[in-house]
Amino acid sequence: MSSLRKKLIAGNWKMNKTAAEASALLKDIRIGVGKRNDVEVVVCPPFTALESSAVALEGSMVKLGAQNMHHEANGAFTGEISAPMLRSLFVTHVILGHSERRTLFGDTDKFVNQKVLSAIKNQLKPILCVGETLAERDAGTTLTVVKTQLEGGLEGVNKDTAATLVIAYEPVWAIGTGKVATTEQAQEVHAFIRGLLGKLFGDQTAQKIRILYGGSMKPANAGELLAQADIDGGLVGGASLEARSFLDLVAAAGTAV
Ligand code: 13P
């Protein structure tokens, strides 16, 4: 029953936008979103733009997310950022285990799991990313890969806090390629993830957890994806970098039931 879950559109800006550019984009996004609260909207600028973004979003419905964090609160971890630091900038969400982190920066399931637990402990909502590569899909191991990443990432997560989790299914072959998963391919994996969440946390909780699709989501293909029973929103890269396309996605999520 998707009606239990408010749709969520999250923009992952990746390594794009200076602080000034972020403020300019958010000015348009905040006007476009206005007072609408039928869709939850989150933007995830780079660390260097979080502070100016928090200022630009003050009093708006749009929430602020980060793209990564370290699990320790502080210490000798050059170049890293902790959950309390994000919290102090009014960040509410954090993307964890993005495939770019996993493949380019060596994030393992164990490391991602430590971050998930630290985020929850610090009242940040993790957006945990899972997804298979093209080789894994071709080898028929999609569901095994997703299961390993999901169970590994969520180890030790308490049933009582699980409903605040957000999961993002991002087939790696669809990220930034313009190659979107078919609605059937996406829905199959989303339903599988919800089943796994049911086993981990019970069906009632699993029905409350949003599962986002990510990978070349655009206004043109979003309606069909968002109409699927277990697709509760999108984690959007390229199309989140311009106000028009991002707002069109928010509108598509608002009309999709
Ligand atoms: P694109 O929307 O650019 O394919 O990126 C998806 C993504 O990786 C979001 O986290």
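A quick note: this is a predicted structure, and the numbers were derived from the prediction, not measured. Start at 1 and go down the list; that is how both ligands and their atoms are numbered. Heads up: numbering here begins at 1 and tracks the sequence.
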Visitor: For ligand 1, which atoms have a heavy atom of Gly215 less than 4.0 angstrom away?
Guide: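 Answer, ordered by atom number: 4 (O), 6 (C).
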
Visitor: Relative to ligand 1, is Asn12 under 4.0 angstrom through side chain, backbone, both or neither, heavy atoms considered?
Guide: side chain

Visitor: For atom 10 (O) of ligand 1, tell me which residue out of Lys14, Glu100, Glu170, Lys179 has the closest non-hydrogen atom.
Guide: Glu170

Visitor: For the residue pair Leu96 and Cys129, establish whether any side-chain heavy-atom pair is separated by less than 4.5 Å.
Guide: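 Leu96 vs Cys129: side chains apart.
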
Visitor: Which one holds for Ser99 and ligand 1: side chain close, backbone close, both close, or neither close, with close meaning a heavy atom under 4.0 Å?
Guide: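 For Ser99, there is no contact with ligand 1 at all, from either part.
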
Visitor: Taking atom types as modelled, is there a side-chain donor on Glu132 or Tyr169 under 3.5 Å from an acceptor on the other?
Guide: yes

Visitor: Would you check whether Ala239 reaches within less than 4.0 Å of ligand 1, judged by its heavy atoms?
Guide: no

Visitor: Are side-chain heavy atoms of Phe246 and Leu241 found at a separation under 4.5 Å?
Guide: no

Visitor: Side chains of Asn68 and Lys115: do they bring a donor and an acceptor to under 3.5 Å?
Guide: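 Indeed, the side chains of Asn68 and Lys115 share at least one donor-acceptor pair under 3.5 Å.
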
Visitor: Could Arg194 and Asp232 be called an ion pair, given the rule that one side-chain N must be under 4.0 Å from one carboxylate O?
Guide: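 Looking at Asp232 together with Arg194, the answer is yes, because their closest N to O distance falls below 4.0 Å.
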
Visitor: Please could you name the atoms of ligand 1 that Gly176 approaches to less than 4.0 Å, counting only its heavy atoms?
Guide: 1 (P), 3 (O), 4 (O)

Visitor: Tell me whether Gly214 has any N or O atom under 3.5 angstrom from an N or O of ligand 1.
Guide: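 No, Gly214 has no N/O under 3.5 Å of an N/O on ligand 1.
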
Visitor: Under 3.5 Å, N or O to N or O, is Gly238 touching ligand 1 that way?
Guide: yes

Visitor: Give a yes/no verdict on whether any heavy atom in Ala174 is under 4.0 Å from an atom of ligand 1.
Guide: yes

Visitor: Evaluate salt bridge (Lys or Arg N to Asp or Glu O under 4.0 Å) for Glu40 paired with Lys7, printing each intermediate quantity in order.
Guide: CA-CA 6 Å; Glu40 195 173 344; Lys7 291 262 194 297; over 6 Å; no

Visitor: In terms of atom number and element, which parts of ligand 1 are under 4.0 angstrom from non-hydrogen atoms of Gly237?
Guide: 1 (P), 2 (O), 3 (O), 5 (O), 6 (C), 9 (C)

Visitor: Just by distance, with hydrogens left out, do Glu242 and Ser245 show a side-chain donor and acceptor under 3.5 Å apart?
Guide: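 Looking only at side-chain atoms, Ser245 and Glu242 do not form any donor-acceptor pair under 3.5 Å.
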
